[in-house]
Amino acid sequence: MRHLTTLVMKYAMTAVVTQIVLGIFTNLRIVQILLVALAITVITYLIGDLLILSVFNNTVAAIADAGMCWLIIYLSGYFWPDRTVPLLSALSAAVVIGIGEILLHMYIGRKAIVMP
């Protein structure tokens with residue numbers, strides 16, 4: 001149940017940030033932005049929160065999560081050929097998500113979901 005709570009929090013944060021940043025600076029539709037947020041949530045939770053955070057510290061995991069976010073957002077422009085995702089838009093969304101990840105990792109650490 002704690003994983004579900006964390007995933008919902010992570011998705012909510014990611015969806016809000018991506019909707020604001022990508023909604024303003026790209027021509028992606030809302031459904032496409034929510035799909036990108038879902039992909040970010042699942043991939044970064046499995047790799048960043050369950051693997052990297054359990055081995056390294058919060059800073060390393062947040063930087064890894066931000067890097068994965070940037071890559072996922074930027075590459076999402078290739079899934080929809082009629083849509084564009086500028087490099088700086090993807091980078092700015094990833095930076096804001098990375099800052100939010102620091103707070104989320106503190107919550108995960110407090111609830112002892114991943115860390116011993």
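Each residue takes its place number in the sequence, starting with 1. Just so it is clear, the structure is predicted and the values come from calculations on it, not from any experiment.
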Here the gap from Asn27 atom CG to Asp82 atom CG, rounded to the nearest 0.5 Å, amounts to 7.0 Å

Tightest non-hydrogen contact, residues Ile52 and Ala61, listed as CG2-CA, 3.8 Å

When rounded to the nearest 0.5 Å, the distance separating CD of Gln32 from CZ of Phe79 is 12.0 Å

Looking only at heavy atoms, the pair that brings Asn58 and Glu101 closest together is OD1-O, 4.3 Å

Worksheet entry | hydrophobic_cluster_shared for Leu71 and Leu87, side chain cutoff 4.5 Å | yes

Rounding to 0.5 Å, atoms CG (Leu104) and CD1 (Ile99) come to a distance of 14.0 Å

Nearest heavy-atom approach of Ala90 to Tyr74 is CB-N, 3.9 Å

Check: Under a 4.5 Å side-chain heavy-atom rule over Ile, Leu, Val, Met, Phe, Trp and Tyr, are Ile47 and Leu38 clustered together?
Finding: yes

Rounded to the nearest 0.5 angstrom, the CZ-OG1 distance for Phe25 and Thr84 is 13.0 Å

d(Met13 CE, Ile97 CD1) to nearest 0.5 Å is 6.0 Å

Taking every heavy atom of Ala66 against every heavy atom of Gly98, the minimum-distance pair comes out as CB-CA, 4.0 Å

Q) Are the side chains of Asp49 and His105 in touch, meaning some heavy atoms are under 4.5 Å apart? A) yes

Original post:
Ignoring hydrogens and geometry, is there a side-chain-to-backbone donor-acceptor pair from Arg83 to Gly77 under 3.5 Å?
Top reply: no

Group every Ile, Leu, Val, Met, Phe, Trp and Tyr by side-chain heavy-atom contacts under 4.5 Å, then state whether Ile40 and Tyr78 land in the same group. no

Between Leu28 and Trp80, the two heavy atoms sitting closest are CD2-CE3, 3.9 Å

Here the gap from Leu46 atom CG to Thr41 atom OG1, rounded to the nearest 0.5 Å, amounts to 10.5 Å

Next on the checklist: Closer than 3.5 angstrom, by distance alone: can the side chain of Thr14 be matched with the main-chain N or O of Lys10 as a donor-acceptor pair?
Outcome noted: yes

*Can Ile30 be reached from Tyr11 by stepping across I, L, V, M, F, W or Y side chains whose heavy atoms are under 4.5 Å apart?*
yes

### Query
Shared ILVMFWY cluster between Leu91 and Ile43, side chains joined below 4.5 angstrom?
no

Closest non-hydrogen atoms of Thr18 and Ile73, given as atom of the first, atom of the second and distance, are CG2-CD1, 4.3 Å

Subject >> Non-hydrogen side-chain atoms of Asn57 and Val60 separated by less than 4.5 Å >> reply: yes

